[in-house]
Asks: 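Okay, handing you the structure first.
Just so you know, these numbers come straight off a predicted model, no measurement behind them. Every number for a ligand or one of its atoms is a count from 1 in the order of the listing.
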Amino acid sequence: MTNHEGIGIRITGTGSYLPEKILSNKELEGMVDTTDEWIQTRTGIVERRIAADDQPSSALGALASLNALDAAGLTPEDIDLIIVATISPDKIFPNTACFVQKRIGASNATCFSVEAACSGFVYIMAIGAALIRTGLYSHALLVGAEKLSSIINWNDRSTCVLFGDGAGAVVLSACAPEDNTYLYSKLGSDGNYTDILHVPGGGSAIPFSADVLKNELHYLNMSGQEVFKLAVNTMVAAAVETMEAANVTKDDIRWLVPHQANTRIIHSVAKRLDMPLERAYINVDKYGNTSGATIPIALDEIVRNGLVSKGDYVLLVAFGGGLTWGANLIRW
Ligand code: UT7
């Protein structure tokens, strides 16, 4: 198929998987110098999930994927493209999508991963849609999968209270143009901020060594306040640009599905967009920040709880390390 004009795109299934183990704020009080009150007031987080030792990101992603395939009524062999968004890959290489492929038996898929941090899922949705539009792929499995507990410094109270493990997946399928529900994507990046949210060591810039270990450079490091300000500005700009490009207004949006990092960030974004807070989906209280997985997990909860109807506009918006940011607009 080479006819770009003749291809529509729609979401045919969503899925998610959250590890069983719950780590509460109260338990964190016994691990670092923090309080449940501080965490809830500053972030909105009450608890997060922690994956088992034998569950790397691909294991979480595979379970979310099987869930999404089931919802789509497809088998793993029907999938011809798997893209994983993760900053906690199973290994530096090969890419985590190949591990997901192996786990679910999607033998016909082309597989790669994208490291756009917390914007990872909005990035892979845009990439998946663009690849389907070429006519080369029919069913893309898009997976946000993170075992952030493996890159967190559990002695650093400024970060360890914020993150959690989990995975979400979406099946994006080619369809007739009149059934198209995928409206627009806006992505952006600014490499001037590469060191405000990063894992400093263990890559090719500072290869893994005893010094990396000693200086704890293999853990996630963040300048929280700087990230906070940029998060609000970039998410608002991406949301506005996306709505304008698709010719819809804030009043048309049924669900704003923001990256789940902090309820204060979500409240600020909704306020700046002049949208009622009830239309912003929030579940950061239950799972903390699962980076590339927050948006597909939220989307799956919205779908499974029957909170979205045909014709509703859903606006996904995220920001993350890089910096990266972006938005996708879907008409359900
Ligand atoms: O997905 C992208 C990833 N990241 C984010 O989106 C995070 C964006 N940033 C944030 O959400 C917020 O900046 C944080 C939640 C990380 C921090 O909140 P804040 O209101 O910006 O606090 P702060 O960094 O200004 O720290 C305030 C105080 C400090 O003490 P002093 O210097 O005022 O005495 C911190 O040392 O809170 C202290 N603090 C803590 N206290 C208790 C920092 N972490 C903790 C903690 N428990 N866990």
Side-chain angles (χ1 to χ4, degrees), residues 23-48 85-88 114-123 144-149 151-166 168 187-190 193-200 219-236 238 257-272 280-285 287-298 316-327:
L23 177 63
S24 68
N25 290 350
K26 278 277 168 210
E27 287 168 276
L28 278 166
E29 285 182 358
M31 295 164 63
V32 286
D33 180 16
T34 192
T35 60
D36 174 42
E37 201 261 333
W38 190 96
I39 302 171
Q40 289 212 39
T41 317
R42 301 286 177 130
T43 72
I45 300 167
V46 177
E47 59 188 35
R48 68 288 293 142
T86 189
I87 50 164
S88 45
V114 168
E115 47 175 347
C118 303
S119 313
F121 194 80
V122 294
Y123 268 56
E146 301 281 13
K147 187 179 184 175
L148 297 176
S149 60
I151 59 167
I152 293 303
N153 183 346
W154 288 101
N155 296 316
D156 175 8
R157 71 174 184 173
S158 71
T159 51
C160 77
V161 303
L162 304 174
F163 298 95
D165 301 337
L187 307 179
S189 319
D190 188 341
Y193 295 101
T194 45
D195 54 1
I196 64 168
L197 178 48
H198 63 150
V199 174
Y219 291 130
L220 183 149
N221 180 290
M222 177 173 70
S223 309
Q225 284 196 354
E226 207 173 341
V227 173
F228 192 114
K229 278 180 225 138
L230 289 160
V232 175
N233 292 340
T234 56
M235 290 214 286
V236 168
V257 185
H259 169 51
Q260 310 281 316
N262 184 324
T263 43
R264 284 159 55 216
I265 295 178
I266 298 173
H267 290 189
S268 300
V269 170
K271 194 170 171 202
R272 290 257 304 270
Y281 193 78
I282 299 180
N283 64 6
V284 69
D285 51 322
Y287 310 130
N289 180 349
T290 57
S291 190
T294 67
I295 287 186
I297 292 171
L316 316 181
V317 59
F319 73 97
L323 286 183
T324 56
W325 60 86

Asks: Would Ser189 and Tyr123 count as a side-chain contact (heavy atoms from CB on, under 4.5 Å) here? Give the steps.
Replies: CA-CA 11 Å; Ser189 319; Tyr123 268 56; 2.7 Å; yes

Asks: For Ala117, which residues count as a side chain to side chain contact (heavy atoms under 4.5 Å, CB included) partner, sequence neighbours excluded?
Replies: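 Testing Ala117 for side chain to side chain contact (heavy atoms under 4.5 Å, CB included), a comparison that skips the adjacent residues, returns Ile87.
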
Asks: What donor-acceptor contacts under 3.5 angstrom involve side-chain atoms of residues 226-234, with partners at least two apart or in another chain?
Replies:
residue	atom	partner	partner atom	Å
Asn233	OD1	Arg272	NH1	3.2
Asn233	OD1	Arg272	NH2	3.4
Thr234	OG1	Leu230	O	2.8
Thr234	OG1	Ala231	O	3.2

Asks: Using side chain to side chain contact (heavy atoms under 4.5 Å, CB included) as the criterion, list what pairs up with Val46, not counting sequence neighbours.
Replies: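 For Val46, the residues satisfying side chain to side chain contact (heavy atoms under 4.5 Å, CB included) (neighbours in sequence not counted) are Gln40, Asp285.
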
Asks: Around Glu47, counting heavy atoms of other residues, nucleotides and ligands shown, do more than 12 lie under 6.0 Å from its CD?
Replies: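 Counting neighbours around CD of Glu47, more than 12 heavy atoms of other residues, nucleotides or ligands fall under 6.0 Å, so yes.
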
Asks: Name the residues in contact with ligand 1, where contact means a heavy atom under 4.0 Å away: which are they?
Replies: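 Near ligand 1, by chain and number: Asp33, Thr34, Trp38, Arg42, Thr43, Cys118, Arg157, Ser158, Val161, Leu162, Leu197, Met222, Gly224, Gln225, Val227, Phe228, His259, Ala261, Asn262, Arg264, Ile265, Asn289, Phe319.
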
Asks: For the pair Asp36 and Lys26, find out whether any cationic side-chain nitrogen is under 4.0 Å from an anionic carboxylate oxygen.
Replies: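 No, Asp36 and Lys26 are not salt-bridged.
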
